[in-house]
Amino acid sequence: MKKLLVMVAVMLTAAVFATGAFAETIKVGVQAPITGQYANEGQGIDNAARLLADQVNANGGLLGKQLEVFTCDDEGQAMKAAICGKELVNKGVIMIIGSYTSSAAAAAQKTYYRAEVLQTTDGTSDELVENCYWTFFRNSNPNSAAAAFTADYIVKEQDFKRIAIISDYSSYAQGLADAVTDEIKKRDGNIVYSGKIKAGSQNFTPVLTKVKSLNPDVIYFSGYYADGGLLRAQQVQLGIEADFIGGDANDNVDFAKLAGKAAKGAKIINVPTPEMLPYDSAKTFLADYREKYGKDIPSIWALLNADGMQAFLKAIEETKSTDTKKMAEWLRANEIQGYSGTLKWDKCGERVGSAFMVYEIQEDASYDVVFPKVN
Amino acid sequence: MDILLQQIVNGLTIGSIYALVALGYTMVYGVLKLINFAHGDLVALSAYVGLVVYMQIAGTIPGAFAVIIMFLVTAMVIAVVGVILERLAYRPLRTAPRLSAVVSALGASMMIQNGIMLIWGPNIRIYPSDILPTTTWTIFGVTVTFVQVVMLVITIVLMAALTLFINYTKFGTAIRASAINQDAAKLMGINVNMVIVVIFILGSVLGAVGGLFIGMYYKSISFNLGWNYGLNAFIAAILGGIGNIPGSMVGGYLLGLFTALISGYVSSTWAEAFTFILLIVILIFRPTGILGERVAEKV
């Protein structure tokens with residue numbers, strides 16, 4: 001009987017303590033595809049957000065309050081995402097981490113804006129920044145940033161005088177090639193060839209022979225790895241000594257397999273994979289993640305979402321408030337050092353600057369970051 | 001000048017593959033008046049079988065033997081598949097209207113293509129790059145690789161052997177006789193079923209070699225590669241004269257050169273469109289193809 005009383009007393013105390021803590025938490029919402037096609041990415045975002053929250057809580061929380069994470073599974077679908085938006089707002093969260101897909105992020109965007117809840121997402125679609133919501137912060141870079149970065153590298157950093165641009169007929173590759181072409185022209189670069197190949201047609205020697213006659217310094221290819229690897233192999237086979245630079249869709253292990261020996265020296269421009277990030281903070285975070293979950297973070301996208309959350313937490317710390325208006329103002333005015341480099345936003349929530357890097361493929365098919373140089 | 005020569009080398013390389021595959025279309029059409037739409041998929045299957053065979057034996061025996069065994073085993077497997085195809089998809093329909101056989105051929109094509117996808121998956125597979133030496137020669141500014149030379153030599157040897165077989169052996173005579181008139185051939189004591197089986201074996205073996213060339217030269221293979229090469233080889237066969245063996249060889253090389261030159265000098269964007277324009281022009285002005293004789297349509 002006495003035992004029972006003690007137990008009840010303990011439970012009551014715990015309950016009171018729990019409710020007390022409940023009132024004193026800062027609520028963080030995670031909207032991510034926990035199940036479905038992108039489950040792996042969504043779970044990565046959720047895990048990363050929970051890890052960050054645990055770390056903050058272990059250090060005594062923020063403003064004397066603990067962080068509490070609520071997760072809503074949007075399955076990567078717009079309809080579920082809209083429901084998640086309402087659900088998380090009702091829970092009283094002040095910030096949203098996610099979602100993974102642009103369409104799911106966009107579907108809930110307005111709900112968060114109306115509820116004055118901050119949102120950070122890795123979605124790269126342009127529609128996300130069109131509304132210019134003050135609550136919105138994109139943590140990844142759109143394709144236009146890839147184009148600007150590429151043009152900077154080709155024209156300013158490497159000073160290539162004769163540039164050949166090749167794409168395929170996909171809307172993605174054509175769009176990227178067009179954007180790169182525009183950016184190169186803005187920088188007075190000299191494009192000597194611009195043409196298209198048919199994806200999957202395998203035989204690119206006719207086009208490359210034409211390219212060879214124009215004697216370019218660099219060949220930029222905006223298409224996919226399956227064609228990029230062969231293009232590089234046939235380029236080297238034909239003795240075209242130009243540098244090869246591939247767009248982000250070339251970033252696949254099969255690129256080097258297809259190119260064989262010719263893979264060595266080929267360059268790819270993409271946001272880095274998590275383990276390639278040169279910053280110590282990123283290395284520590286990734287090690288912590290591996291320790292807690294027993295596996296690596298699924299991709300850079302989950303890490304970029306963690307970057308967004310980091311920025312929000314930093315804003316709370318700096319403004320000493322959980323008022324989202326003040327946080328947003330602070331975020332638009334300041335720069336934060338994130339895992340993926342400098343985090344800075346324009347007034348529509350577009351990430352300024354660039355997380356892109358140039359990798360050179362080594363003899364053993366591993367990547368080496370050649371630009372930007374990190375000390 | 002060296003650009004033109006390089007484009008010719010490029011054209012001859014891809015033309016070798018077209019010619020080998022076109023022969024399969026042409027021989028079947030010559031005897032059965034059937035367009036074997038599944039032929040391109042046999043080529044794709046051969047690329048996969050070859051890769052499996054090579055991966056099994058690579059490293060255990062010297063490289064040259066491994067390549068020879070890869071060619072022999074793959075050719076045998078594809079020949080067997082070709083014979084099964086004839087047996088199941090075409091023989092039961094031999095007396096049916098021709099359209100039925102064409103539909104059956106398309107069905108067989110889809111079955112093989114989807115079968116490849118089920119077994120090996122929808123993603124591209126990659127040939128190791130060290131099957132043959134990667135030696136490259138540069139002559140007058142023109143780059144030629146060892147693989148290209150091997151492809152050209154093997155193709156020409158195979159085509160010469162086929163021509164000799166068809167023209168100078170007793171069985172070759174039987175094939176030619178069956179092509180002209182099956183019923184008369186039967187009356188002369190020719191086993192027409194046997195002739196057709198041999199035709200499918202020969203066509204499949206040549207297609208198998210083409211499939212292995214695709215794997216060894218271009219390295220990446222996908223379950224649907226048969227469609228692209230099949231279509232081009234089919235056009236090559238019509239170009240040279242479908243049913244005419246030397247015509248298909250010439251057609252294959254001509255189409256290879258034509259697409260290389262169009263891509264190089266006009267626009268790679270338009271290469272495919274020009275291929276079809278060429279096909280239409282040929283069909284209008286010389287419907288039997290460049291080397292095609294007037295088919296003995298008796299009235």
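Just so it is clear: chains get the letters A, B, ... in the order the sequence lines come, proteins before strands, and each one is counted from 1. The model shown is predicted, which means the values in this text are computed figures rather than measured ones.
At most 12 non-hydrogen atoms from other residues, nucleotides or ligands lie less than 6.0 angstrom from CH2 of B:Trp270. Within a 6.0 Å sphere centred on CE of A:Met79, heavy atoms belonging to other residues, nucleotides or ligands number 12 at most. Crowding of B:Met111 atom CE: a count of heavy atoms from other residues, nucleotides or ligands under 6.0 Å not exceeding 12. The neighbour count for B:Trp227 CH2, taken as heavy atoms of other residues, nucleotides or ligands under 6.0 Å away, does not exceed 12. Atom CZ of A:Phe149 is surrounded by more than 12 heavy atoms from other residues, nucleotides or ligands within 6.0 Å.
Contact of A:Lys257 with chain B is made through backbone and side chain together, with heavy-atom distances under 4.5 Å. Contact of A:Leu258 with chain B is made through backbone and side chain together, with heavy-atom distances under 4.5 Å. For chain B, the nearby part of A:Tyr169 is the side chain; its heavy atoms alone come within less than 4.5 Å. For B:Thr134, the part sitting under 4.5 Å from any heavy atom of chain A is the side chain, from C-beta outward, and nothing else.
Between chain B and the residues A:Leu230, A:Asn203, A:Val207, the most heavy-atom pairs under 4.5 angstrom are made by A:Asn203. Heavy-atom pairs under 4.5 Å with chain A peak, among B:Ser220, B:Ala260, B:Ser129, at B:Ser220. In terms of non-hydrogen atom pairs under 4.5 Å with chain A, the most contact-rich of B:Leu261, B:Thr136, B:Asn228 is B:Asn228.
Taking each heavy atom of B:Asn10 and A:Pro206 in turn, the nearest pair found is ND2-N, 3.9 Å. Here the closest non-hydrogen pair linking B:Lys219 and A:Ala233 is NZ-CB, 4.4 Å. Of all non-hydrogen atoms in B:Tyr217 and A:Gln237, the two that sit nearest each other are OH-NE2, 3.5 Å.
Note that CD1 of B:Ile124 and CG of A:Asp227 are 8.5 Å apart. Values are rounded to the nearest 0.5 Å. To the nearest 0.5 Å, the span separating OH on B:Tyr218 from OG1 on A:Thr205 amounts to 5.5 Å. Here CD of A:Gln202 is found 6.5 Å from OG of B:Ser222. Values are rounded to the nearest 0.5 Å. Summarising the geometry, atom OG belonging to B:Ser263 is positioned 11.0 Å from atom CG belonging to A:Leu208; distances are rounded to the nearest 0.5 Å.
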Next item on the list: Walk me through it: do B:Thr143 and A:Lys212 pass the test side-chain contact (heavy atoms from CB on, under 4.5 Å)?
Entry: CA-CA 12 Å; B:Thr143 323; A:Lys212 185 180 182 181; 3.8 Å; yes
